[in-house]
> 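First the structure, which I've put down as structure tokens, then a few questions once you've had a look.
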Amino acid sequence: MIDSLKKLVDYYVEVISVPHRREIAAELRDEEDLFFLLLYSEMIGIPNPAYYYTLELYPHMIEKFHEWHLRMGMEKSPMHGIRCC
């Protein structure tokens with residue numbers, strides 16, 4: 001009974017989200033862009049009060065940095081310490 005109810009709920013969620021997948025993906029990308037801006041803002045000259053706390057995230061986010069700066073319209077990396085191009 002519980003297993004079939006779970007399958008029904010999963011099916012319902014899938015049916016509801018299908019028409020909105022593009023909007024959901026765009027919203028997630030916008031949130032990621034804002035997060036990257038917060039993460040790297042100190043390096044591009046924007047004061048960031050949480051800079052010290054975001055330093056430990058750099059190794060995890062460096063792989064996605066190239067995609068981010070291209071999406072933001074920067075042909076070359078704006079950071080001298082991060083070479084991705």
Side-chain angles (χ1 to χ4, degrees):
M1 175 70 179
I2 292 174
D3 201 30
S4 62
L5 184 60
K6 183 176 178 350
K7 287 181 183 179
L8 181 65
V9 168
D10 290 342
Y11 176 74
Y12 176 74
V13 168
E14 187 69 25
V15 167
I16 294 298
S17 67
V18 166
H20 304 289
R21 283 201 178 155
R22 185 174 296 146
E23 291 91 5
I24 292 170
E27 234 4 85
L28 288 173
R29 193 173 46 249
D30 288 347
E31 284 183 19
E32 185 177 74
D33 290 345
L34 183 61
F35 179 70
F36 268 88
L37 182 62
L38 173 68
L39 187 65
Y40 295 112
S41 64
E42 190 74 27
M43 289 182 157
I44 57 177
I46 301 170
N48 178 4
Y51 178 71
Y52 177 77
Y53 300 107
T54 59
L55 281 174
E56 63 189 44
L57 298 174
Y58 285 0
H60 303 290
M61 304 306 285
I62 197 72
E63 296 171 5
K64 296 181 181 182
F65 179 76
H66 180 69
E67 296 170 14
W68 175 76
H69 82 76
L70 290 177
R71 212 171 35 241
M72 294 295 107
M74 300 177 235
E75 292 181 19
K76 302 269 185 190
S77 173
M79 319 281 179
H80 298 293
I82 299 175
R83 295 172 32 155
C84 65
C85 303

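Since this is a predicted model, take the numbers as computed values, not measurements.
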> Output yes when a side-chain donor or acceptor of N48 lies under 3.5 Å from a complementary backbone atom of L38, and no otherwise.
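Present.
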
> Should we count CD of E56 as having more than 12 external heavy atoms under 6.0 Å?
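Not buried by this count: 12 neighbours or fewer within 6.0 Å.
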
> Do F36 and K64 have side chains that approach each other closer than 4.5 Å (heavy atoms only, starting at C-beta)?
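Yes. Closest side-chain heavy atoms under 4.5 Å.
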
> Tell me every residue that passes side chain to side chain contact (heavy atoms under 4.5 Å, CB included) with E14, counting only those two or more places apart in sequence or in another chain.
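Expected list: V18, R21.
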
> Of D10, L8, V9, which is the lone residue that meets side chain to side chain contact (heavy atoms under 4.5 Å, CB included) with K6?
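Only match with K6 under side chain to side chain contact (heavy atoms under 4.5 Å, CB included): D10.
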
> Any chance you could measure D33, atom CG, to L28, atom CG, to the nearest 0.5 Å?
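Nearest 0.5 Å value for the CG-CG distance: 11.0 Å.
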
> Do you know which two heavy atoms are closest between L37 and I46, and how far apart they sit?
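Shortest heavy-atom contact: CD1-CD1, 4.3 Å.
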
> Any chance you could measure H20, atom NE2, to R22, atom CZ, to the nearest 0.5 Å?
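H20 NE2 to R22 CZ: 12.5 Å, rounded to 0.5 Å.
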
> Is there side-chain contact between R71 and E32, with at least one heavy-atom pair below 4.5 Å?
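SC-SC contact between R71 and E32 confirmed.
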
